[in-house]
Amino acid sequence: MRKKQGFRWNHMTMGTCYYPEHWDKALWQEDLRRMKTAGISMIRVAEFAWSKVEREEGVFDYTFFDEFLDLCQREEMKVIFGTPTATPPAWLTEKYPEVLNAREDGVLYRHGGRRHYNYNSEKYLELSARIVEKIAAHYGKHPAIIGWQIDNELNCETSEFYSEADSLAFREFLKEKYHTLSALNEAWGTVFWNQTYTAWKQIYVPRPVLNQGYNPHMHLDYFRFISESTVHFCQMQADIIRKYKKEADFITTNGIFWNLDNHRMMDECLDVYTYDSYPSFAFGLNCDPQKSDDLNDRHWSKKLTEVRSVCPHFGIMEQQSGANGWTTRMEGPAPRPGQLTLWAMQSVAHGADYISFFRWRTCTVGTEIYWHGILDYDNRDNRKLAEVKDFYKKLKTLDEVCGAEYTAAFGVLKDYDNCWDTNVDVWHKRVDQASDEEIFAAAQLYHTPYNVIYLQENTTPEDLLAYPLLIYPHPVLMTEKRAGLLRKYVEQGGMLVIGCRSGYKQENGKCVMFPQPGLLQELTGSDVIDFTFTSPAEPPVFAEWDGRKIDMPLFNDILRPLEGACVLASYTDSYYKGEAALIEKKTGKGRALHFGSTFSRSNMEMLLRYAGVIRPFDDLLEAPEEVEIVQRVKNENRYLFVLNYMPAAKKINLKKQMRLLYDGTLHTGEVILKPFETAVYKVL
Ligand code: GLA
């Protein structure tokens, strides 16, 4: 069982990101007042402002934020205060270059960007701890502050670390894990290509090797090490802030990035998680929305599903309000009228009770002059501000939805070991990504919402039994413990589905010498007698299931049933025509299925139907594929979010009487949603 999140919003709340250091002080008061008029009652500040407090080494001056926070207090604006460690000052990186992160080839990232530090330099840990302590001690009891943000987007910009300090710390991490070099050599299979280590000092974080012939088992431990380093850095700051903050104030961080066990970081360090949501990335350079089959901006619902997995009642620290872009990379168009609200409602639908728009006003200097905020450089009222105000009116009508639970019809299992192993496994990445995207697409198009559950050390069968159907798409790495957990889930009535490529590696990513799906074989009653990528030189492969053809794309496990199992579908193509493609075995009150391929939006339809979970809202409303339906539930009240992502009107049909929360009106039957329009109904 995971720890309960320590903080939840009691009311739907709106905020923005503000940078007092970017503006003339003469603007502050007017800015805060205009925010309040728009409905903004919370701001996030200070996350890049180290030099405003420690301009020279060891010389601390609090006057800048004292003045600003006092003004916030007078203007009744609540503040989330950021720790500034994402951007160390120039004096620091110049004097202590060992704090810098490096490229894989050892070249240091220099001052000027952000997040160019490493987590393992003793010096950086010391100076970060000191600035956090100074800030927390000085501002911790300030009445305007209600929360703290640690750093900014941990593991964004890069999630790989190659400094000298990282190699030293990596060795310590490995010593603690393996104790002896012979255990490490065994775990990493270093006998291959004569990689055998005879002294700890021969081990480094990955370095350039010819033809990318990296050792995958070392890489897996390297990602575990990065995650450990990141959590440690976050924990160090959280522990300091906790000593000084007011009891009720929360600690958070923003964004979800790579090579990081975000669940562990949430449980061990934070009270609540916040995310940064920028759906117009979907329309940026190199994207062709006409051809896209990943659902464009609606794809952000997939990211929000991941956030909900980390923290069910989260906040959005940065919600897109204008066009995306840096001077040096990327572009994304401005939200169309209605789209700003659509994207913010998408966040609320998926579990956000706090929406903070990035940023109050577009910066007039620096690399982010094209990362547009609510206001433009000219500071006049504009259509975006008008839409933010309108969004606030809608948000306030949703107050009773605050804290409501997202309803999932099924669950998708993941775990960090498999995610990180897949990162450096080109063979498997293609398989894994295809299923990940298609399961999402199927859930969206058939209006069958899901949750993602990451298997953790403390996951219990009860956690899993909340879902009648669990799909663990391709659990390549399998351990006795996880197999045991899955067995209990099935025995107690769950339906588990695994895809192709399951159970062929052990916990270090080494392949096991027993039949696939390895440790899951007894549960699924399936035996993989052969396997292959589908051949581009042959026609697509299908299987027949219950008289229907289902596609078996990309990769095929050719199966045989073992005792007690039955064949549900067989291949109709290729050299394995007639062989089993889908096998089911009942155990206890439940059953496990081995599906011999990757998941696609069409084969998922059959699976969801077979499991009896498809289209759970059919008795309430009908909507076309282009419209997302989400349900949140609280105290037996059901709230339906209906989101039209199209620049065209869409028709929906309400089969019961419902109240539109935005204006309290009652509706049944046909309703037309305008382009980008959203609606939130309470089912009566
Ligand atoms: C992230 C960061 C912000 C800002 C935006 C735009 O979300 O957290 O500080 O840089 O990206 O680049």
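Every number for a ligand or one of its atoms is a count from 1 in the order of the listing.
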Under a 4.0 Å N-O cut-off, is there an ion pair linking D267 with K3?
no

Aromatic contact, W9 with F250 (centres under 6.0 Å):
yes

Checking T16 side chain against F357 main chain: does a donor-acceptor pair fall under 3.5 Å?
yes

Report yes or no: do Y96 and E57 form a side-chain donor-acceptor pair below 3.5 Å?
yes

Verify whether one side chain among Q319 and Y354 offers a donor that lies under 3.5 Å from an acceptor in the other.
no

Where is the nearest protein heavy atom to atom 4 (C) of ligand 1: which residue, which atom, and how far?
E368 OE2, 3.3 Å

Numbered atoms and elements of ligand 1 in range of D276, under 4.0 angstrom, heavy atoms:
7 (O), 8 (O)

Need the ligand 1 atom indices (1-based, order shown) with element for anything under 4.0 Å from a heavy-atom of E153.
1 (C), 2 (C), 7 (O), 8 (O)

Taking distance alone, with N or O pairs closer than 3.5 Å, would you say W326 contacts ligand 1?
yes

Which of the numbered atoms in ligand 1 are under 4.0 angstrom from any heavy atom belonging to N152?
2 (C), 8 (O), 9 (O)

Would R336 count as a cation-pi partner of F676, with NZ or CZ less than 6.0 Å from the six-membered ring centre and within 45° of the ring normal?
no

Of the protein's non-hydrogen atoms, which lies at the shortest distance from atom 2 (C) of ligand 1, and what is that distance?
E318 OE1, 3.3 Å

Report yes or no: does M317 have a heavy atom closer than 4.0 Å to ligand 1?
no

Verify the neighbour count for atom CD of E405: are there more than 12 heavy atoms of other residues, nucleotides or ligands below 6.0 Å?
yes

Give the numbers and elements of all ligand 1 atoms closer than 4.0 Å to a heavy atom of F48.
9 (O)

Enumerated ligand 1 atoms positioned under 4.0 Å from heavy atoms of Y278
5 (C), 7 (O)

For atom 9 (O) of ligand 1, find the nearest protein heavy atom and state the residue, atom name and distance (0.1 Å precision).
R114 NH1, 2.9 Å

